[in-house]
Amino acid sequence: MTLTIKEKIEQLREIIRYHDRKYYVENNPEITDYEYDRLVKELQQLEKAHPEFITPDSPTQRVGGEPLTQFPTVGHKIPMLSIDNTYSDEELKEFDHRIKRMTGVDTHKDIEYVVELKIDGVAITLWYEKGLFVRGATRGDGFKGDDVTVNLRTIRQIPLKLELEDKKLKIPSVLEIRGEIYLPNKEFQRLNEEREDEGEPQFANPRNAAAGSLKLLDPRITARRNLRIFTYAIGYYEEIELKTHIQCLEFLRVLGLPVNPHVRLCKNIEAVIHYCNEWDKRRRELDYMVDGMVIKINSLALHGQLGSTSKAPRWVISYKYQPEQAVTKIEEIVMQVGKTGTITPVANLTPVLLSGTTVSRATLHNFDEIQRKDIRVGDHVIVQKAGEIIPQVVSVLKEKRDGTERTFKEPTSCPECKSTLERDGVYLRCHNPLCMSQAKRRIQYFASRDAMDIEGLGPALIEQLVDRCLVKDYADIYCLKHDDLTNLDRMGEKSSSNLVRAIEESKHRDLDRLICAMGIGNVGSHTAEVLANHFDTLDKLANATQEELEEIYEIGPVVARSIVGFFQNEYTQEIIKKLRAAGVNTKKIMTPKLVRNPKVFGKSFVITGTLQKYSRKEAETLIKNLGGRVLASVSKKTEYLVAGEDPGSKLDKARELNVHVLDEDAFEKMIQ
Ligand code: IVH
């Protein structure tokens with residue numbers, strides 16, 4: 001039977017929606033990014049030829065047209081209240097007592113609770129009518145918020161159309177869902193690095209970054225921020241019957257909405273306390289910020305009985321974790337030159353223990369920030385980990401000053417090349433393209449694990465190579481000889497041979513790594529992969545026009561402009577010539593999936609912890625090339641967990657689900 005164009009379009013949409021769910025919601029992709037992009041492209045082409053069939057729920061219609069001038073305000077049908085906080089086990093017990101007293105439950109009987117992670121992001125509400133996403137808004141003052149629908153539509157975890165795999169169930173004609181939008185820590189870090197490159201002020205923490213991204217008036221920019229969501233409640237529904245909160249969460253899950261996997265049903269308050277304490281220790285394993293736990297009574301009948309105060313429902317409470325802060329002293333403020341010339345002031349601190357690691361440096365972001373917080377050398381300060389990654393100075397303990405503190409003078413020249421610095425917004429920049437500090441940072445980035453992965457080429461060695469004029473840019477690495485290296489500090493015969501070999505090996509990296517390594521502004525490893533898949537060769541990418549680039553799904557005008565500018569630069573062209581002359585691969589390697597290793601082919605793997613012999617990316621590529629699939633998280637469908645050192649919670653989960661665990665040796669045996 002041949003399909004009409006309209007049917008073909010609808011079929012493609014359904015397939016894409018299915019894979020969106022597998023990838024974005026269930027973390028369990030079934031096809032490669034390349035195959036997915038091909039499907040989207042096919043749909044885009046059909047819709048372009050037949051615009052009369054475009055509907056707002058099409059996966060191609062996530063990013064809307066023109067930027068808004070402001071967000072409309074919308075009233076919430078059910079107020080979005082906040083939650084009362086507790087800070088100790090004792091307070092949780094009091095909460096349990098209070099509930100029992102108010103509902104007339106015998107003090108010796110147990111009340112069942114659902115315990116969830118308290119995601120530190122931005123609360124939002126999503127409206128679905130007849131299964132279609134029609135509106136989404138922020139909490140605002142609890143009664144009315146901003147209608148940020150256009151931005152929420154760009155989040156691919158949010159289905160534009162709800163679908164039930166079990167067709168016996170019914171999608172309610174009206175449904176209001178509550179959840180938290182957040183920015184994963186990795187994305188937060190990437191965004192701040194990008195902003196630093198662009199001379200824009202950095203976000204203090206992932207929550208501010210998520211809130212800022214959701215309030216952008218241009219959805220095309222929001223789309224590139226990679227916001228994510230966990231849904232945790234149903235605000236309003238019709239036609240279905242739900243009796244417990246855990247059923248609500250299960251219903252959200254079957255509707256294809258992301259629900260945090262660490263939800264636990266606890267049979268009494270003791271179990272709640274135990275679970276809260278467990279996560280206080282474990283929360284650092286997560287790639288998003290959790291500032292506490294949320295404890296909800298499971299029975300919806302009890303919710304009705306308890307009702308709310310004007311501020312918060314009585315059936316829910318949060319258990320807040322202590323913020324991770326410590327007091328230490330600023331010993332010195334030094335200047336760091338970034339790979340694009342941005343000068344960042346960094347504080348050298350008296351080492352202090354913070355969230356399990358010793359912190360001896362903190363970023364001060366920029367010079368306005370130093371002034372605003374009145375930070376002086378010798379000050380005692382409170383430091384905190386933002387997004388649990390980069391420590392930052394929160395505030396100065398001025399009462400601890402004894403008069404020996406020194407104010408810090410903003411530099412006028414580059415600490416490395418001495419050229420005059422220019423102000424660019426809140427940043428100072430060195431515009432000298434030959435500045436050695438910038439060159440060092442670029443080379444470091446080029447050699448790093450996610451880029452060309454040149455083992456043994458670390459910051460200290462790069463420092464010497466550039467200072468001794470052995471290399472000026474990253475292409476020069478390929479001219480290094482064994483004898484150039486043996487003369488350097490801490491380099492013997494063996495380490496020199498190893499490095500020469502590592503450099504030689506890196507010539508055969510795939511195109512996406514090379515693109516990433518070149519340090520094009522706004523192009524990280526994911527975008528590099530998209531570009532490599534699309535263009536196949538560096539030449540084609542270098543010759544692409546702004547329009548051609550913008551046509552690629554996921555590439556917006558800012559990234560496109562940055563790529564075109566990069567390749568037009570004479571300096572870049574020189575470098576490409578040198579890379580080519582050295583024999584560095586500039587083409588996409590078409591990996592023959594034919595090397596079907598029967599032990600790996602068709603099997604699904606999850607990798608966790610640190611492996612000694614492979615980087616994460618290498619292990620992934622190895623598995624993929626042998627026909628296996630690599631998934632992000634452990635589920636019932638995972639066949640093998642490859643566990644390196646410090647495996648964390650994935651190992652527990654794997655054991656719980658009886659997933660086969662391979663240590664590095666067993667993994668090596670398998671792939672050989
Ligand atoms: S339930 C009526 N569950 O925490 C209860 N909230 O401090 C609605 N939050 O405004 C909220 N994770 O933005 C709930 N698992 C979770 C949550 C959560 C984060 C946020 C939410 C709320 C704030 C209260």
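First listed ligand is number 1; within each ligand, the first listed atom is number 1. Owing to the predicted nature of the structure, the values given are computational and were not obtained by experimental measurement.
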Fill in: L117 contact mode with ligand 1 (heavy-atom cut-off under 4.0 Å)
backbone
Worksheet item: In the protein, which heavy atom is nearest to atom 4 (O) of ligand 1, and how far is it?
Response: K118 NZ, 3.2 Å
Worksheet item: How far is atom 20 (C) of ligand 1 from its nearest protein heavy atom, and which residue and atom name does that atom have?
Response: E180 OE1, 3.3 Å
Worksheet item: Does a salt bridge link K100 with D96, judged by any charged N lying under 4.0 Å from a carboxylate O?
Response: yes
Discussion item. Under 4.0 Å, counting heavy atoms only: does P313 come that close to any atom of ligand 1?
Written reply: yes
Worksheet item: Taking the six-membered ring of F203, is NZ or CZ of R195 closer than 6.0 Å to its centre and within 45° of its axis?
Response: yes
Worksheet item: If we only count N/O pairs under 3.5 Å, is I119 in contact with ligand 1?
Response: yes
Fill in: Plane angle bin for H660 and Y640 - parallel if under 30°, tilted between 30 and 60°, otherwise perpendicular
perpendicular
Worksheet entry | Stepwise salt bridge (charged side-chain N to carboxylate O under 4.0 Å, His left out) test for K653 and E656 | CA-CA 5 Å; K653 182 92 185 280; E656 208 174 285; over 6 Å; no
Worksheet entry | Aromatic centroids of F251 and Y237 separated by under 6.0 Å | no
Worksheet item: Is K267 salt-bridged to D110, going by a charged N under 4.0 Å from an acidic O?
Response: no
Worksheet item: More than 12 non-hydrogen atoms from neighbouring residues, nucleotides or ligands closer than 6.0 Å to NZ on K22, yes or no?
Response: yes
Worksheet item: Is the backbone of K320 close enough, under 3.5 Å, to the side chain of S318 for a donor and an acceptor to pair up by distance?
Response: no
Discussion item. Does only the side chain of E116 get under 4.0 Å from ligand 1, or the backbone, or both, or neither? Count heavy atoms.
Written reply: side chain
Worksheet item: Side chain, backbone, both or neither: which part of K296 has a heavy atom under 4.0 Å from ligand 1?
Response: side chain
Response to the item:
When distances are taken from atom 8 (C) of ligand 1, the protein heavy atom at minimum range is Y232 CE1, 4.4 Å
Discussion item. Heavy-atom distances under 4.0 Å decide this one: backbone, side chain, both or neither, for S82 against ligand 1?
Written reply: neither
Fill in: Protein heavy-atom partner closest to atom 10 (O) of ligand 1 - residue, atom, separation in Å
A123 CB, 4.0 Å
Worksheet item: Which protein non-hydrogen atom lies closest to atom 24 (C) of ligand 1, naming both residue and atom, and how far is it?
Response: I83 CG1, 3.5 Å
